[in-house]
Amino acid sequence: MPESAPSYTITSFTLPGAPEVITGINNRGEVAGVYESSGGDRGFIYDNGTVTTLNVPGAADTDPEAINDRGEVAGTYVVEPSATILGFIYDNGTYTTLDAPGAYTTSALALNNRGAAAGYYEDSSGQYGFVYDNGTFTTVDPPGANTIFVDAINSRGEAAGGYIENGEDYGFVYDNGTYTTLSVPGASTIFVEAINDRGEVVGSYTENGEDYGFVYDNGTLTTLSVPGATDTSVTAINDRGEIAGIYDDSSGYHDFVYDNGTYTTLNVPGAVGFTNVAINNRGEVAGAYEDISGTRQGFLATPEGGEATASGFRELLAVHARLGGMRDFLPDVPGSNGSPHSANAPGMTDQTLAAGARFASFAGLTSDQTATHAWLHASSTSSGAG
């Protein structure tokens, strides 16, 4: 893959109302977020020029928080006149309500490619994190913690979030009953934003009144600060380890991508203000901005060019080997006997699509399926044959 900093093609898009925030972009390039309307907040999915409005029936506000590779969306909605806050999962026109047992508030903040959601709920005893999977709520409650949030969940079921203990902020990673604490000495706040399928966690913290981003990987926490910036906030990470966020300096606010030591500013024409951004495995970045007239729009930044290499093919092979076996393909991709594979491991269809889509963006191919066929060819021949 290219080692130099990428350049981007910026595409702006409008919505039925003013976009408040972009909350996710999946590996198909579908963007989810929230816009303001005269009737309250509405969610949306933007896909190649087409906007689908999300509005839970009877809700005063509908606020998506995450979108997965199947196009499912998780978020929160407000029921009037009681002002009750509940979570939801949207799937192809159907809304499923998430209401933790005994809770008076349930908020869904994250969704993985297997359809498991995560967030927090409040009941008479306090605020707790949760993971919701196939109809079952599992409480996330780090020992000694209170006011717990789960902000992210990856395809392996690892969840990440934050909590308060004795007045101090901490981040954490939850994995099948085990908690790992994330802390920054001297920080007054710490916010966890995302976790990728490699278990890398990103977020931001405040120290001496200045904001910094961070990435946590296998016990090591690395600070991220854009050179010349007064504040740096990180909001997203993809499975390649590319990180997206926002910073401000003397000229205003800017979005950026960080990759292996290099910061690249996204120059959106006419923009004077930004909200948080999301990034997918193709390196596409989605966000929202405001121009000098006060008009708010969404944008999609697509990396230009790129070159497929043997190392790129090997990376795709490694992803499949780790997540269920390299011979689990899309249902319509023929197997060695000429017929489609039917025994996909859980989530493998989505992972295959994501990997193929990512390769397509670097190789200049025209479709995810074409990319997957190219990957199949490369996996059957010598290294670098692609």
Side-chain angles (χ1 to χ4, degrees), residues 1-2 5-13 19 21-33 45-47 64-69 73 109-113 151-155 160 191-204 213-217 222 224 226 232-247 253-268 271 274-289 298-306 315 319 350-351 353-355 357-362 368:
M1 298 300 168
S7 56
Y8 292 85
T9 298
I10 307 293
T11 302
S12 296
F13 59 87
V21 63
I22 302 299
T23 54
I25 179 172
N26 66 17
N27 292 315
R28 303 183 187 203
E30 297 168 322
V31 178
I45 299 173
Y46 171 85
D47 182 16
E65 296 285 350
I67 185 170
N68 68 14
D69 288 343
V73 174
L109 303 178
L111 185 69
N112 71 12
N113 284 332
D151 299 290
I153 185 169
N154 66 16
S155 294
F191 299 100
V192 169
E193 297 286 353
I195 182 170
N196 67 12
D197 283 350
R198 301 194 297 198
E200 297 168 321
V201 179
V202 295
S204 302
F214 73 83
V215 56
Y216 170 88
D217 182 17
T222 302
L224 303 179
V226 178
T232 300
S233 298
V234 168
T235 58
I237 185 171
N238 66 18
D239 291 336
R240 286 173 47 79
E242 295 168 324
I243 293 168
I246 184 172
Y247 72 93
Y253 290 92
H254 315 272
D255 289 330
F256 73 90
V257 173
Y258 172 86
D259 183 22
N260 196 31
T262 299
Y263 294 90
T264 302
T265 296
L266 300 178
N267 295 306
V268 180
F274 291 91
T275 64
N276 65 311
V277 288
I279 188 168
N280 67 14
N281 288 348
R282 297 194 283 196
E284 296 171 320
V285 178
Y289 69 94
F299 76 86
L300 181 64
T302 304
E304 296 176 348
E315 182 180 340
V319 168
D350 302 312
Q351 293 295 337
L353 178 60
R358 176 180 159 274
F359 173 72
S361 71
F362 283 98
D368 297 345

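In this chain, numbering begins with 1 at the start of the sequence shown. None of these values were measured; they are calculated from a predicted model. Below, each value reflects all heavy atoms present in this structure, side chains not excepted, and no hydrogens, waters or symmetry copies.
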- request: State, yes or no, whether a side-chain contact exists between T11 and T302 at a heavy-atom distance under 4.5 Å.
  value: no
task: Please determine which of N113, N280, D69 meets the side chain to side chain donor-acceptor pair (under 3.5 Å) test together with N27.
output: D69
message: Using side-chain heavy atoms (C-beta onward) and a distance below 4.5 Å, is V202 in contact with L224?
response: no
field: Test item: D217 and T222 side chains (from C-beta on) under 4.5 Å apart, heavy atoms
entry: no
- request: Keeping the roles fixed (side chain from R198, backbone from R240), state whether a donor-acceptor pair exists under 3.5 Å.
  value: yes
message: side-chain hydrogen bond (donor to acceptor under 3.5 Å, both in side chains), that's the test. Do E304 and T9 meet it? Break it down for me.
response: CA-CA 6 Å; E304 296 176 348; T9 298; 2.8 Å; yes
- line: OG (S233) and OH (Y247) are apart, to the nearest 0.5 Å, by 13.0 Å
message: Using side-chain heavy atoms (C-beta onward) and a distance below 4.5 Å, is I279 in contact with I243?
response: no
- request: State whether the number of non-hydrogen atoms from other residues, nucleotides or ligands found under 6.0 Å of F13 atom CZ is greater than 12.
  value: yes
message: Minimum heavy-atom separation for A288 and I22, please, with both atom names.
response: N-CG1, 3.6 Å
message: So does V277 get a backbone contact from the side chain of T235, meaning a donor-acceptor N/O pair under 3.5 Å?
response: yes
message: For a quick test of reading the model, state the closest non-hydrogen atom pair linking I45 to I67 and the distance between them.
response: CG2-CD1, 4.3 Å
- request: List for me each residue that meets salt bridge (charged side-chain N to carboxylate O under 4.0 Å, His left out) alongside E30, sequence neighbours excluded, and say none if there are none.
  value: none
message: Are the side chains of V285 and L266 in contact, using a 4.5 Å heavy-atom criterion?
response: yes
task: Step by step, work out the side-chain contact (heavy atoms from CB on, under 4.5 Å) result for V192 and Y216.
output: CA-CA 10 Å; V192 169; Y216 170 88; over 6 Å; no
- prompt: Do E65 and T23 have side-chain atoms, one donor and one acceptor, less than 3.5 Å apart?
  reply: no
statement: Rounded to the nearest 0.5 angstrom, the CG-CD1 distance for N281 and I237 is 10.5 Å
- line: Smallest heavy-atom separation, Y289 atom then S12 atom, equals OH-OG, 2.9 Å
- line: Of all heavy-atom pairs linking A110 and A152, the shortest is CB-CA, 3.6 Å
- prompt: Do the non-hydrogen side-chain atoms of Y8 and L300 ever get within less than 4.5 Å of each other?
  reply: no
- prompt: Is there side-chain contact between Y258 and V234, with at least one heavy-atom pair below 4.5 Å?
  reply: no
query: What pair of heavy atoms forms the shortest contact from R282 to P303, and how long is it?
result: O-CG, 3.7 Å
message: If I compare all heavy atoms of A278 with all of G24, which pair ends up nearest, and what's the gap?
response: CB-CA, 3.7 Å
N26 side chain to N68 backbone, donor-acceptor under 3.5 Å: yes
- prompt: Parallel, tilted or perpendicular for F299 and F274, by the 30°/60° rule?
  reply: perpendicular
message: So does V226 get a backbone contact from the side chain of T232, meaning a donor-acceptor N/O pair under 3.5 Å?
response: yes
